[in-house]
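Below, all heavy atoms of this structure are taken into account, side chains as well, without hydrogens, waters or symmetry copies. Note that ligands are numbered from 1 as they come in the structure, with each ligand's atoms numbered from 1 the same way.
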Amino acid sequence: MATAAPETRVQTKMSAQLTSPRRDGCSQLRVALFGAGRMGQRHAENLVPLPGGILTWVCDVDRAAAAALAEKYGCRASDQPQEVLASADCDAVIIASPTDTHMELMVAAARAGKPILCEKPLDIDSKRVVAGREELAGFDVLIQMGFNRRFDPGHRALAEAVRAGEVGNLELCLITSRDPAPPSRDYLARAGGLFRDMMIHDFDMMRFISGQEAVTVAATGGALFSNDARAVGDIDTAAVTLTLGSGAICVINCSRRAVYGHDQRIEAFGEKGMLVSTNHTVHGLERYAADRTGARAPLISVSRDRYRQAYTNELAEFLDAVREGRRPTVSFEDAYRALLIADAAERSLREGALVRLDRNVC
Ligand SMILES: NC(=O)c1ccc[n+]([C@@H]2O[C@H](COP(=O)([O-])OP(=O)(O)OC[C@H]3O[C@@H](n4cnc5c(N)ncnc54)[C@H](O)[C@@H]3O)[C@@H](O)[C@H]2O)c1
């Protein structure tokens with residue numbers, strides 16, 4: 001069976017109002033950043049080389065954190081979202097605040113008519129997502145979700161090759177998703193669990209690569225090493241098997257700790273062969289000697305570096321989509337579908353059972 005083109009490839013025009021978000025005609029978008037933490041800092045840094053956007057505001061409930069980041073980039077700081085959204089210096093927003101604040105901030109930004117780039121996942125609670133989704137449907141506002149791995153050159157090339165039929169019918173997709181070290185206990189406590197916080201990237205990649213939805217979800221996992229994960233009722237290690245609409249199987253293995261760096265590999269296997277998007281080492285040198293063959297440099301262990309190109313490409317896509325008045329290539333609906341898989345994985349783990357995903361659950 002041929003692999004379907006993902007719905008996310010469709011790029012339709014948005015309303016004229018959004019085609020020219022700056023009334024003064026200048027093409028450089030003035031961007032307000034919500035959240036001055038780990039991810040906010042990454043976005044601020046990655047925005048600098050992009051000619052299409054400039055950081056004008058940093059908004060954080062922690063005013064000192066907002067002020068420190070704003071000072072670094074020579075822009076304004078606030079702890080009041082409404083002040084920022086009402087400002088003439090805000091054409092678009094990036095939401096990089098904790099996951100459980102995303103829906104509220106998205107609705108506020110949409111009400112103010114501001115295009116949104118929002119970090120993954122949508123929320124930790126899909127009931128809140130369903131309510132927010134209804135509210136957001138009333139606004140013709142561009143929403144791009146922060147699934148940066150879609151913009152990683154290797155992963156993207158693999159997805160495009162699968163969709164171009166290079167492996168013929170996709171039969172197996174194997175995703176290894178291991179981070180160097182777990183985030184803090186405070187972060188874990190409000191992140192929504194491993195499936196929603198971390199494996200959500202892999203659920204999204206499965207959809208992006210295959211153009212298909214998951215039909216069944218079977219999860220196993222546990223807290224094997226992280227006291228922080230255990231303390232907040234989370235797990236640190238998991239494996240999830242998904243059956244796709246065509247019958248293809250996707251197996252994802254995930255760990256919060258890989259002592260050798262970012263281990264992020266994807267294999268797509270089918271009737272005509274295999275495609276592999278492999279790991280990134282800090283440089284390309286290989287060493288050969290009496291006691292080693294092809295010894296390579298260590299894997300990149302800093303996540304802002306492993307996905308630097310992906311984050312930059314993601315931001316560039318957002319700025320282009322806003323300027324061109326078109327829908328982004330990774331949408332709210334994509335994030336909603338990935339969240340449904342994460343919810344199903346959690347249920348599967350809790351109940352020790354295979355969970356069937358009803359495509360009409362909306
Ligand atoms: N795409 C990725 O690779 C990636 C990586 C890490 C984190 N994330 C996502 O980014 C988001 C933030 O994660 P982080 O690691 O930066 O967290 P963090 O805890 O380092 O930073 C969050 C910041 O948001 C601020 N904040 C809290 N409530 C706020 C509100 N209502 N409005 C504005 N600011 C608020 C906090 O004071 C803090 O400074 C999460 O949703 C996470 O899932 C994505």
Side-chain angles (χ1 to χ4, degrees), residues 32-46 57-70 72 76-85 90 93-109 116-125 128-129 144-152 155 177-205 208 228 232 234 254 256 262 264 300 302-315 317-318 330 334-335 338-339 342:
L33 174 66
F34 290 83
R38 194 168 51 135
M39 202 56 223
Q41 292 169 31
R42 219 171 279 173
H43 282 308
E45 184 182 329
N46 292 331
W57 282 99
V58 178
C59 182
D60 195 302
V61 288
D62 178 346
R63 182 147 186 118
L69 194 60
K72 187 170 175 190
R76 289 202 270 173
S78 175
D79 55 7
Q80 301 297 321
Q82 286 311 330
E83 178 193 18
V84 175
L85 293 171
C90 169
V93 304
I94 298 175
I95 299 175
S97 50
T99 296
D100 55 4
T101 66
H102 291 177
M103 289 311 302
E104 191 185 334
L105 286 171
M106 261 199 273
V107 169
I116 301 161
L117 170 61
C118 181
E119 264 314 322
K120 48 51 66 178
L122 282 170
D123 199 286
I124 58 175
D125 178 356
R128 205 155 48 202
V129 172
Q144 178 175 326
M145 291 303 300
F147 285 120
N148 57 294
R149 292 186 194 179
R150 289 190 181 213
F151 299 92
D152 175 77
H155 292 354
S177 173
R178 302 176 195 149
D179 279 355
S184 68
R185 184 179 296 197
D186 285 351
Y187 176 92
L188 289 171
R190 60 191 292 193
L194 184 84
F195 297 123
R196 294 186 192 90
D197 181 58
M198 188 173 166
M199 288 184 94
I200 197 94
H201 279 296
D202 311 305
F203 301 142
D204 180 65
M205 284 310 292
F208 182 54
D228 289 338
V232 302
D234 198 2
C254 178
R256 290 274 194 195
H262 271 287
Q264 316 263 312
I300 292 174
V302 180
S303 102
R304 61 160 24 110
D305 292 340
R306 167 60 185 87
Y307 283 114
R308 186 179 292 280
Q309 189 62 54
Y311 290 126
T312 305
N313 293 347
E314 170 187 76
L315 271 177
E317 161 64 11
F318 175 61
V330 49
D334 290 315
L339 189 61

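Residue contacts with ligand 1 leave out Ser303, since none of its heavy atoms falls under 4.0 Å from the ligand. By the 4.0 Å heavy-atom criterion, Gln41 is excluded from the residues contacting ligand 1. Ligand 1 has at least one atom lying under 4.0 Å from a heavy atom of Tyr311. Residue His102 places a heavy atom less than 4.0 Å from ligand 1.
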Between Asp234 and Arg196, does a salt bridge (charged side-chain N to carboxylate O under 4.0 Å, His left out) hold up when you go through it step by step?
CA-CA 11 Å; Asp234 198 2; Arg196 294 186 192 90; over 6 Å; no
Could you go through Arg308 and Asp305, starting from their C-alpha distance and side-chain angles, then the distance that decides it, and tell me whether this counts as salt bridge (charged side-chain N to carboxylate O under 4.0 Å, His left out)?
CA-CA 5 Å; Arg308 186 179 292 280; Asp305 292 340; 2.9 Å; yes
Salt bridge (charged side-chain N to carboxylate O under 4.0 Å, His left out) assessment of Arg149 paired with Asp204:
CA-CA 9 Å; Arg149 292 186 194 179; Asp204 180 65; over 6 Å; no
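Of the candidates Ser97, Ala68, Ala36, Ser97 brings a heavy atom nearest to atom 35 (C) of ligand 1. In this comparison of Arg149, Glu119, His43, the heavy atom closest to atom 1 (N) of ligand 1 sits on Glu119. For atom 22 (C) of ligand 1, the choice among Ala108, Ser78, Pro98, Pro81 with the nearest heavy atom turns out to be Pro98. When Val61, Leu69, Ile124, Asp197 are ranked by how near their heavy atoms come to atom 29 (C) of ligand 1, first place goes to Val61.
Of all protein heavy atoms, the one lying nearest to atom 12 (C) of ligand 1 is Ala96 O, 3.3 Å. Counting protein heavy atoms only, atom 21 (O) of ligand 1 is closest to Gly37 CA, 3.2 Å. Of the protein's heavy atoms, Asp60 OD2, 2.6 Å lies nearest to atom 39 (O) of ligand 1. Atom 19 (O) of ligand 1 has as its closest protein heavy atom Tyr187 CD1, 4.4 Å. Leu105 CD1, 3.9 Å is the protein heavy atom nearest to atom 32 (N) of ligand 1.
At least one donor-acceptor pair closer than 3.5 Å links the side chain of His102 to the backbone N or O of Ser97. Side-chain atoms of Glu314 do not come within 3.5 Å of backbone N or O of Phe151 as any donor-acceptor pair.
With Arg190 as the fixed residue, the side-chain hydrogen bond (donor to acceptor under 3.5 Å, both in side chains) test singles out one of Asp197, Asp100, Thr101: Asp100.
We find the CZ-CG distance between Phe147 and Asp202 to be 10.0 Å, quoted to the nearest 0.5 Å. Between Met103 atom CE and Asp125 atom CG the span is 10.5 Å, to the nearest 0.5 Å. One finds the CD atom of Glu45 at 4.5 Å from the CZ atom of Arg304 (value rounded to the nearest 0.5 Å).
Annotation: Thr101 places no N or O atom under 3.5 Å from an N or O atom of ligand 1; distance criterion only. The shortest N or O to N or O distance between Arg190 and ligand 1 is not below 3.5 Å. Checked against a 3.5 angstrom limit, the closest N/O atoms of Met39 and ligand 1 fall inside it.
Minimum heavy-atom separation, Ala77 to Trp57: O-CZ3, 3.7 Å. Among all heavy-atom pairs drawn from Ala342 and Phe195, the shortest one is CB-O, 3.6 Å.
With a heavy-atom cut-off of 4.0 Å, Thr99 touches ligand 1 through backbone and side chain alike. Looking at Arg38 against ligand 1, both its backbone and its side chain come within 4.0 Å, counting heavy atoms. Heavy atoms from both the backbone and the side chain of Lys120 come within less than 4.0 Å of ligand 1. When non-hydrogen atoms are compared, ligand 1 lies under 4.0 Å from neither the backbone nor the side chain of Phe147.
Judged purely by distance below 3.5 Å, without hydrogens or angles, the side chains of Glu119 and His43 pair a donor atom with an acceptor atom.
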